[in-house]
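Scroll down for the structure; my scribbles are underneath it.
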Number of protein chains: 2
Amino acid sequence: MSEKKTTLAHLQTVTESLESGTTMQIRYLLNGALPAQDVARLLESSPPKERKLLWELIDSKNEGEVLQYLSEDIGVQFMRDMDTERLIAVSESFESDDLADLLQHLPETIVKEVLASMSTQDRMRVEALLSYSEDSAGGLMNTDTITIRPNITVDIVFRYLRRHNTLPDMTDNLLVVSRSDRLLGTLPLTKLLVSDVNATVRDIMETEYTVIEAEMPASEVAQLFEKMDLVSAPVIDGSNKKLLGRITIDDVVDVIRDEAEHSMLSMAGLDDDEDTFSPIMKTTKRRAVWLGVNLITAFIASYVIGLFQNTLDQVVALAILMPIVASMGGIAGSQVLTLVIRGIALDQIGAANTRWLLNREIIVGLLNGLLWATVIAALTALWFDNIKIAYIIAAATIINLLFAATTGTLLPIFLKKIGVDPALAGSVILTTVTDVVGFLSFLGLATIFLI
Amino acid sequence: MSEKKTTLAHLQTVTESLESGTTMQIRYLLNGALPAQDVARLLESSPPKERKLLWELIDSKNEGEVLQYLSEDIGVQFMRDMDTERLIAVSESFESDDLADLLQHLPETIVKEVLASMSTQDRMRVEALLSYSEDSAGGLMNTDTITIRPNITVDIVFRYLRRHNTLPDMTDNLLVVSRSDRLLGTLPLTKLLVSDVNATVRDIMETEYTVIEAEMPASEVAQLFEKMDLVSAPVIDGSNKKLLGRITIDDVVDVIRDEAEHSMLSMAGLDDDEDTFSPIMKTTKRRAVWLGVNLITAFIASYVIGLFQNTLDQVVALAILMPIVASMGGIAGSQVLTLVIRGIALDQIGAANTRWLLNREIIVGLLNGLLWATVIAALTALWFDNIKIAYIIAAATIINLLFAATTGTLLPIFLKKIGVDPALAGSVILTTVTDVVGFLSFLGLATIFLI
């Protein structure tokens, strides 16, 4: 029954078949035996070379559907390799919002050709979507709304709906609009179905509903969906209030996952759309940048240590112990940093509670500082049989944990305020602070009291 | 228009009012002016003391609704403080799945009293839900399904539905069941609405649909919802195939967010259900454990340095430079670790692609090792005017980056295999490896070639 085991099991089958050079079974799996969603996951879980081989084994008529489920990064790569004719054929099976997302990443000349191939109505839809940023409500929305007028009866709504062959997926509301396309209310299907057939739409429509302006950032849209437990929500033009389309929960779920992953990946200097199986050179380049940035931090720390060359020369025990102080500060600081970064992402942290948070973190830092400084001092005294060094390392640990608490709390709030991503820049700056303060306080105190 | 600004803005208002001792405006906000979802977010964004004050200002009749939107951790705290009578009153407004979730965290004697107060039907429902783990499909499901029989016509379905006053939220499918409650198919509302009124349910129902067994882990449920773009899915008993209930996307979204946040929080040694504003002592205790674990790592690293006391005594430059090697390894390793942990969480990594991944990471480690080792060597040669140390630090950096790549890839896969959470244990073990290998290779090579 377990769906996840099957994808990895299929991958095993596919890998073995590729190695032995028999493609018949793979063709069978890719073209019908597996649903398009599973084919997409199979491609995503494959290394570059295999991924390309598998893609070539998919029949042209199935490519469009698989592309819809592929992560954008990978889908765009395949589309770049297609000739325009095939691209046009494939794009016909797309929903307008998915198509717009992918077109944004293709060269302009190709986009023009694809648009030119479409019917006027479809082209206008996609062009409208292309005008919004991918990270806004406009970029998330689809234009497949079903609209009705307020003065008709429920009975007529039923007859109107029956004229459709199908209704769009995730249609949970009909949208009630005026003659000039302004949104007047929503009519949930669950309400429509229990209403008297002679009632008018105006009588039964909901007038308290969530409406989203096209310019709203995608992250706010996600928060709104989570808070209000929405399946879909209408999108309007912020200036003239006309209905533009609707956003559905399936697209919002992707935003929620991306947002939640963003902090973790950024804190390690990884890209949001990181493909687990991206090729060697691409991976090397991306990682190199982050290592370079961190090397600066490391050299700053070494520079600080170098200031105390004379002290270290006289008491070698200090060199042995100094990483402990820096490391404890780093760990304590990144706990606070992680918590605050999440709090900011969830919009829980503002001027009203920052002071309380800082107070708590300083007290927590002090208490944990006292606890672990005692342990470190005891172990140091035993190891080096030197009570003075024990006192010094204890003091340095407490100092560093207090700096870690303060920096961990205020740094991300400050970075956010000046428009820098706290998840990306926070951990590097924090480590610099805890390393510098750790070495400075420990070696500094030692220079004063020991030499 | 921005919803998120309003919550923090309200918080500001509330804080100021609390400080000045005027509660009238707050009462007004909490009891009607703000929707229950916003009140819940306000409580979640408040420090403990204010949170308690605010809770006391909420009228008893509104408590139930707010509780439904509060994060579990916080909701349970308030419920623990209620007397049983109030708890019973509050529980009446709950959906069965939410109630079961909260009851799981309350003392058994209280749970019994609450259950005893319910109607037989409701009690049986909640008891059935309580028998499933919170992290399984059974724990996520709700029992508010609307079921129909296959032999009736669409017209009769409409008449049957009209007998309801309302349909449950997020009803996108009617579930078609046999006389013995076995699931035969689903009838999407979007299909029902466009069908001929004389067709029978059997003619138009979907027989290809996603069904979930009650024992399926919540994480797999979430993956299924994401993959198949579901709004709701029926849950059946794995053994007798009878319909038990349904899971809706709003509960799955919570699972998705928790899962995605889990890795980030665990890597910093924080709890999943970490309350950003939990009180001082609770925070101190939780953090202390993680600091203690990391202290062991730090002392292991110091022990390794201590082995080279003699070498350090002769060349103090080594003490100054040694953190660079350890730090570069730590950074490179945690990039790999983070990527692999996410890959495991998304079920992208298995036996079929581990070897490829390890190969890539080793080559990437080698390339970045060569690049940055050259930079580090050049800077070292300039700083200390010693070409020998420059060669040694370059070699040590490359060695450590190769260990970091191998450990970062294999460690989380291994931890997962033996049933240990890679996000929690991975970063500590990785740091130990990169610290030990960093100091050992640098100081070891120095001892051989320099002394």
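Letters go in sequence order (proteins before strands), and every chain restarts at 1. Values in this document were obtained by computation on a predicted structure and should not be read as measured data.
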Report which part of [X] has an atom under 4.5 Å of a heavy atom belonging to chain A: side chain, backbone, both, or neither.
X: Phe225(B); value: neither
X: Asp435(B); value: neither
X: Ser278(B); value: both
X: Leu337(B); value: neither
X: Ser263(B); value: both
X: Pro323(B); value: side chain
X: Ala332(B); value: both
X: Arg355(B); value: side chain
X: Val157(B); value: neither
X: Ser195(B); value: backbone
X: Met267(B); value: side chain
X: Pro35(B); value: neither
X: Thr15(B); value: side chain
X: Leu193(B); value: both

Who among [options] has the most heavy-atom pairs with chain A under 4.5 Å?
options: Pro188(B), Gly350(B), Pro47(B); answer: Pro47(B)
options: Phe158(B), Phe439(B), Phe299(B); answer: Phe299(B)
options: Asp313(B), Thr297(B), Leu321(B); answer: Asp313(B)
options: Leu192(B), Thr276(B), Thr431(B), Leu161(B); answer: Thr276(B)
options: Leu379(B), Ile305(B), Ile341(B), Thr284(B); answer: Thr284(B)
options: Glu226(B), Glu16(B), His164(B), Glu50(B); answer: Glu226(B)

[X] and [Y]: which non-hydrogen atoms are nearest, and at how many Å?
X: Asp275(A); Y: Arg360(B); result: O-NH1, 4.4 Å
X: Asn165(A); Y: Val194(B); result: O-CG2, 3.3 Å
X: Phe277(A); Y: Trp356(B); result: O-CH2, 3.5 Å
X: Ile320(A); Y: Ser302(B); result: O-OG, 3.0 Å
X: Ala288(B); Y: Asn368(A); result: CB-OD1, 3.0 Å
X: Met328(B); Y: Leu291(A); result: CE-O, 3.6 Å

Revision key, fill the gap. If you tally heavy-atom pairs under 4.5 Å between each of Gly365(A), Gly306(A), Ala326(A), Ser46(A) and chain B, the highest tally belongs to Gly306(A)
Exercise for review: Pick whichever of Asp172(A), Leu265(A), Val252(A), Thr166(A) has the most heavy-atom pairs under 4.5 Å with chain B.
Suggested key: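 Most heavy-atom pairs within the cutoff with chain B belong to Leu265(A).
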Residue [X] versus chain B: region with a heavy atom under 4.5 Å:
X: Ile376(A); answer: both
X: Val375(A); answer: side chain
X: Asp169(A); answer: neither
X: Leu357(A); answer: side chain
X: Met322(A); answer: side chain
X: Ile349(A); answer: both
X: Glu361(A); answer: side chain

Considering only heavy atoms from C-beta outward, does the side chain of [X] approach that of [Y] to under 4.5 Å?
X: Arg342(A); Y: Leu270(B); result: no
X: Thr283(B); Y: Gln335(A); result: no
X: Asp229(B); Y: Ile249(A); result: no
X: Lys227(A); Y: Asp38(B); result: yes
X: Ser45(A); Y: Asn353(B); result: yes

Check your understanding: Is the shortest distance from a Lys or Arg side-chain nitrogen in Arg162(A) or Asp196(B) to a carboxylate oxygen in the other one below 4.0 Å?
Key -> no
Check your understanding: Is the closest basic N to carboxylate O distance between Asp347(A) and Arg41(B) below 4.0 Å?
Key ->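 Not counted as a salt bridge, because no side-chain N and carboxylate O are separated by less than 4.0 Å.
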Exercise for review: Give a yes or no on this: more than 12 heavy atoms of other residues, nucleotides or ligands lie within 6.0 Å of atom NZ of Lys49(B).
Suggested key: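 No, NZ of Lys49(B) has 12 or fewer neighbouring heavy atoms, counting only those of other groups under 6.0 Å.
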**Study point:** Heavy-atom neighbours of Lys285(A) NZ exceed 12 at 6.0 Å
**Key:** no
To the closest 0.5 Å, what do you measure between [atom1] ([X]) and [atom2] ([Y])?
X: Asp254(A); Y: Ile256(B); atom1: CG; atom2: CD1; value: 8.5 Å
X: Arg286(A); Y: Leu339(B); atom1: CZ; atom2: CG; value: 10.0 Å
X: Glu44(B); Y: Gln348(A); atom1: CD; atom2: CD; value: 6.0 Å
X: Arg287(B); Y: Leu401(A); atom1: CZ; atom2: CG; value: 10.5 Å
X: Leu295(B); Y: Ile331(A); atom1: CG; atom2: CD1; value: 10.5 Å
X: Leu189(A); Y: Leu189(B); atom1: CG; atom2: CG; value: 6.0 Å

Review point. Between Val364(B) and Met281(A), does a side-chain contact (heavy atoms from CB on, under 4.5 Å) hold up when you go through it step by step?
Key: CA-CA 8 Å; Val364(B) 170; Met281(A) 284 320 293; over 6 Å; no
Check your understanding: Run the side-chain contact (heavy atoms from CB on, under 4.5 Å) check on Val253(A) and Arg257(B) step by step: do they pass?
Key -> CA-CA 9 Å; Val253(A) 163; Arg257(B) 181 173 282 287; over 6 Å; no
Practice item. Could you walk me through whether Thr248(A) and Val231(B) pass the side-chain contact (heavy atoms from CB on, under 4.5 Å) test, one step at a time? Key: CA-CA 10 Å; Thr248(A) 51; Val231(B) 171; over 6 Å; no
